[in-house]
Amino acid sequence: MAGSRRHLLAGSKLTACPLWTGGAHQALRTATLVLLGLALAWYAILLTAEVVRPRPYYDVRRWASVFPLGMTAVACLSTGAAPHVRGLHTLGVVLLWVAVAAWVLTPAAFVVTRVGGGAGPRGGPPPRSPSDLAATPRR
């Protein structure tokens, strides 16, 4: 899905370019809006998953959610800058604040979990990464 966000950003920039006219411009605009719709649907899925299954402790996999949230917000802002789709700017700003909050909370959770001795699920130690488990000698 990250590749489609890059294509979405490129499409939004090309849609805003005055050199594209006629059928090619309309096709590009349609493709850009379809990709934006897919990206927004994925944004909703990621956000719902984070709310439904909260992880109050640090988990490196959280960055796999934070990055797409930011990319989708930027894509929405970029597409909203094109003529005739200005309403997307406000949505992009709201999504950007959600992404910024996730970006701030993720390293904060790292600090609390690793430095502050925060607990993992059920009050136990923080979960170990798969690489930590692989490096642990078996008895």
Side-chain angles (χ1 to χ4, degrees):
M1 194 68 181
S4 67
R5 285 182 184 83
R6 287 191 301 267
H7 293 114
L8 176 58
L9 286 172
S12 68
K13 297 294 184 187
L14 289 172
T15 301
C17 179
L19 299 176
W20 285 77
T21 59
H25 179 267
Q26 187 59 36
L28 181 63
R29 182 174 185 267
T30 301
T32 300
L33 292 175
V34 167
L35 280 175
L36 180 61
L38 291 171
L40 290 172
W42 188 244
Y43 190 102
I45 290 169
L46 281 174
L47 200 55
T48 301
E50 291 293 338
V51 170
V52 169
R53 298 198 131 204
R55 293 174 283 179
Y57 50 88
Y58 178 75
D59 187 343
V60 72
R61 294 172 295 180
R62 170 106 41 218
W63 290 110
S65 297
V66 173
F67 180 75
L69 293 177
M71 282 295 293
T72 303
V74 170
C76 198
L77 287 169
S78 181
T79 304
H84 309 295
V85 285
R86 299 253 183 235
L88 291 174
H89 179 77
T90 303
L91 178 61
V93 169
V94 171
L95 298 180
L96 185 61
W97 279 110
V98 172
V100 167
W103 186 84
V104 167
L105 290 173
T106 299
F110 173 77
V111 169
V112 168
T113 302
R114 303 293 184 204
V115 178
R122 297 184 192 94
R128 295 169 40 172
S129 70
S131 61
D132 288 343
L133 294 174
T136 304
R138 295 189 179 195
R139 296 180 195 184

Can you establish whether the number of heavy atoms outside Trp63 located under 6.0 Å from its atom CH2 is more than 12? yes
Return the [atom1] to [atom2] distance between [X] and [Y], rounded to the nearest 0.5 Å.
X	Y	atom1	atom2	answer
Thr90	Leu77	OG1	CG	9.5 Å
Leu91	Leu96	CG	CG	11.0 Å
Leu69	Trp42	CG	CH2	11.0 Å

Among residues at least two apart in sequence or on other chains, which ones pass side chain to side chain contact (heavy atoms under 4.5 Å, CB included) with Val98? Tyr43, Leu47
Residues at least two apart in sequence or cross-chain that pass side chain to side chain contact (heavy atoms under 4.5 Å, CB included) with Val104, listed by chain then number, are Val100
With sequence neighbours excluded, residues passing side-chain hydrogen bond (donor to acceptor under 3.5 Å, both in side chains) with Arg53: none
Quick one: do Leu88 and Val94 end up in the same hydrophobic cluster if we chain Ile, Leu, Val, Met, Phe, Trp and Tyr together by side-chain heavy atoms under 4.5 Å apart? no
Does Ser78 reach the main-chain N or O of Val74 with its side chain, forming a donor-acceptor pair under 3.5 Å? no
Should Leu95 and Leu40 be marked as a side-chain contact (heavy atoms from CB on, under 4.5 Å) after you check the CA-CA gap, both sets of side-chain angles, and the distance that decides it? CA-CA 10 Å; Leu95 298 180; Leu40 290 172; 3.5 Å; yes
Stepwise, does the side-chain contact (heavy atoms from CB on, under 4.5 Å) test hold for Thr72 with Leu46? CA-CA 11 Å; Thr72 303; Leu46 281 174; over 6 Å; no
